[in-house]
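In what follows, a structure is listed as structure tokens, so that the remarks can point back to it.
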2 protein chains.
Amino acid sequence: MRLSTKGRYAVTAMLDLAIHHEEGAITLADISEAQGISLSYLEQLFARLRKNGLVAGIRGPGGGYRLSRPPAEISIADVIVAIGEGVDVTLCGGKTDCQDGERCLTHELWQQLGSRIHEFLESVTLASFLERKNVNLVVRRQQRRQLVSIPRLQKTVA
Amino acid sequence: MRLSTKGRYAVTAMLDLAIHHEEGAITLADISEAQGISLSYLEQLFARLRKNGLVAGIRGPGGGYRLSRPPAEISIADVIVAIGEGVDVTLCGGKTDCQDGERCLTHELWQQLGSRIHEFLESVTLASFLERKNVNLVVRRQQRRQLVSIPRLQKTVA
DNA sequence: AGAATAACCAAGTAATTTAGTCAGGAAATA
DNA sequence: TATTTCCTGACTAAATTACTTGGTTATTCT
Ligand code: FES
Ligand code: FES
């Protein structure tokens, strides 16, 4: 029962974009530096975010990435799902066929768990999460373009 | 966001034990055959279940494993936690120190998610789950010692 | 036009984790 | 004492995750 750092990176990066949503595009190079993630790795993440319509890339000087929807309309679930870190915990992947083509004994259990997880992550939007953390936000707003950061990967936690 | 097959095996095996709770001990060899898991692998799982006081091993001929508490007092969360498949989704593991010793921006998000997951899994006990599936149970009770099975591992789902 | 900038893309490699095996005890019963 | 069954640790194989390398294309600035 673990969440990959990929998911964590994506969410943090999206929060960065949300914080600076009014200021135009932000380059991956900036995020890369702030978070200590390699540029190429970020590019891979953003490729998926873009393909799922969460962000828009703007090329050339002055370009970068920006949210393609307002922060209030992007949930954490959207982000997690977009980067391929599914929320489905069943073995069968929703096909109810993992036991010789039949639904296994525990299918419903995992399906319900998956639903709960999705419900929760869907209930939190980029905007609502930042709202709750607004003390920090004020500080950050005073220093424009200050990006949040998460630590260099130590270990993916169980 | 995935659950390992280890967790799934453990839960299914525990349900087996719960179903035959009144009939005395069940050997790992039986479960091994029913589920198509190697005996040694099962032994590893049960070692942890035993260390966490969920099952009791009985050696010698006629021995096997049995639940050390009634099925109504063992939750799915107990099982998942016992085999080391934690429910904690934070990077820091609850220490709030993953960003240079400080709590990172997203800590609360993952912590809350972890709590929700745990809450849900705690709310389902072996007994309550089997209760819901009691149609199948009746059938199984008629054929004593019929073990449930889950399929051979195909792929760990994302 | 040309150079700088930054998104875009496709493969490959390295590290970690998971899943599973092997070989050998040690306790209880018959 | 022979058998059954639990119990233990170390070891291997497979899969996944994290990350690197080396490019191409679009846009803007000079
Ligand atoms: S998990 Fe869906 S059928 Fe087994
Ligand atoms: S996840 Fe706990 S401090 Fe970052």
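Letters A, B, ... mirror the listed sequences (proteins, then strands); counts begin at 1. Just the heavy atoms: all of them, side chains too, but no hydrogens, waters or symmetry mates, feed the values below.
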[Y] and [X], any side-chain heavy atoms less than 4.5 Å apart:
X        : Y        : answer
B/Arg48  : B/Lys51  : no
B/Arg66  : B/Ile26  : no
B/Arg116 : A/Ile117 : no
B/Lys6   : B/Gln44  : no

What's the [atom1]-[atom2] distance between [X] and [N], to the nearest Å?
X       : N      : atom1 : atom2 : answer
A/Leu28 : C/dC9  : CG    : P     : 13 Å
B/Leu42 : D/dT5  : CG    : C1'   : 13 Å
A/Arg66 : C/dA7  : CZ    : P     : 14 Å
A/Arg2  : C/dA19 : CZ    : P     : 10 Å
A/Ile26 : C/dA7  : CD1   : P     : 11 Å
A/Arg8  : D/dT17 : CZ    : C1'   : 13 Å
B/Glu85 : C/dT18 : CD    : C1'   : 10 Å

Q | B/Lys6 side-chain proximity, nearest of C/dG20, D/dT17, C/dA19 | A |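 The answer is C/dA19.
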Q | Taking every non-hydrogen atom, the tightest pair across A/Asp88 and A/Gly94 | A |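 Result for this residue pair: OD2-N, 3.7 Å.
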Q) How close do A/Phe46 and A/Leu17 get, heavy atom to heavy atom, and via which atoms? A)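 The answer is CE2-CD2, 3.9 Å.
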Q: Could you walk me through whether A/Gln111 and A/Thr90 pass side-chain hydrogen bond (donor to acceptor under 3.5 Å, both in side chains), step by step?
A: CA-CA 6 Å; A/Gln111 192 179 31; A/Thr90 59; over 6 Å; no
Would you mind writing out the side-chain donor-acceptor pairs for residues 118-128 of chain A within the sub-3.5 Å range, not counting sequence neighbours?
| from | atom 1 | to | atom 2 | distance (Å) |
| --- | --- | --- | --- | --- |
| A/His118 | ND1 | A/Glu122 | OE1 | 3.4 |
| A/Ser123 | OG | A/Phe120 | O | 2.6 |
| A/Thr125 | OG1 | A/Ala127 | N | 3.4 |
| A/Thr125 | OG1 | A/Ser128 | N | 2.9 |
| A/Thr125 | OG1 | A/Ser128 | OG | 3.2 |
| A/Ser128 | OG | A/Thr125 | N | 2.9 |
| A/Ser128 | OG | A/Thr125 | O | 3.1 |

Q.
Does the plane of the ring in A/Tyr9 sit parallel, tilted or perpendicular to the ring in A/Tyr41? Use 30° and 60° as the thresholds.
A.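 Perpendicular.
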Q) Hey, does the side chain of A/Tyr65 come within less than 4.0 Å of C/dA6's phosphate (OP1/OP2), counting only N and O? A)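 Checking A/Tyr65 against C/dA6: no side-chain N or O falls below 4.0 Å of OP1 or OP2.
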Quick one: which protein N/O atoms are closer than 3.5 Å to N/O atoms of nucleotides 20-23 of chain D? Pair and distance per line, please.
| from | atom 1 | to | atom 2 | distance (Å) |
| --- | --- | --- | --- | --- |
| D/dT20 | OP2 | A/Ser38 | OG | 3.1 |
| D/dT20 | O4 | A/Gln44 | NE2 | 2.5 |
| D/dT21 | O4 | A/Ser40 | OG | 3.3 |

Q. Which residues, if any, of residues 45-61 of chain B bring a heavy atom under 4.0 Å of DNA chain C?
A.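 B/Arg59, B/Gly60, B/Pro61, in order of number.
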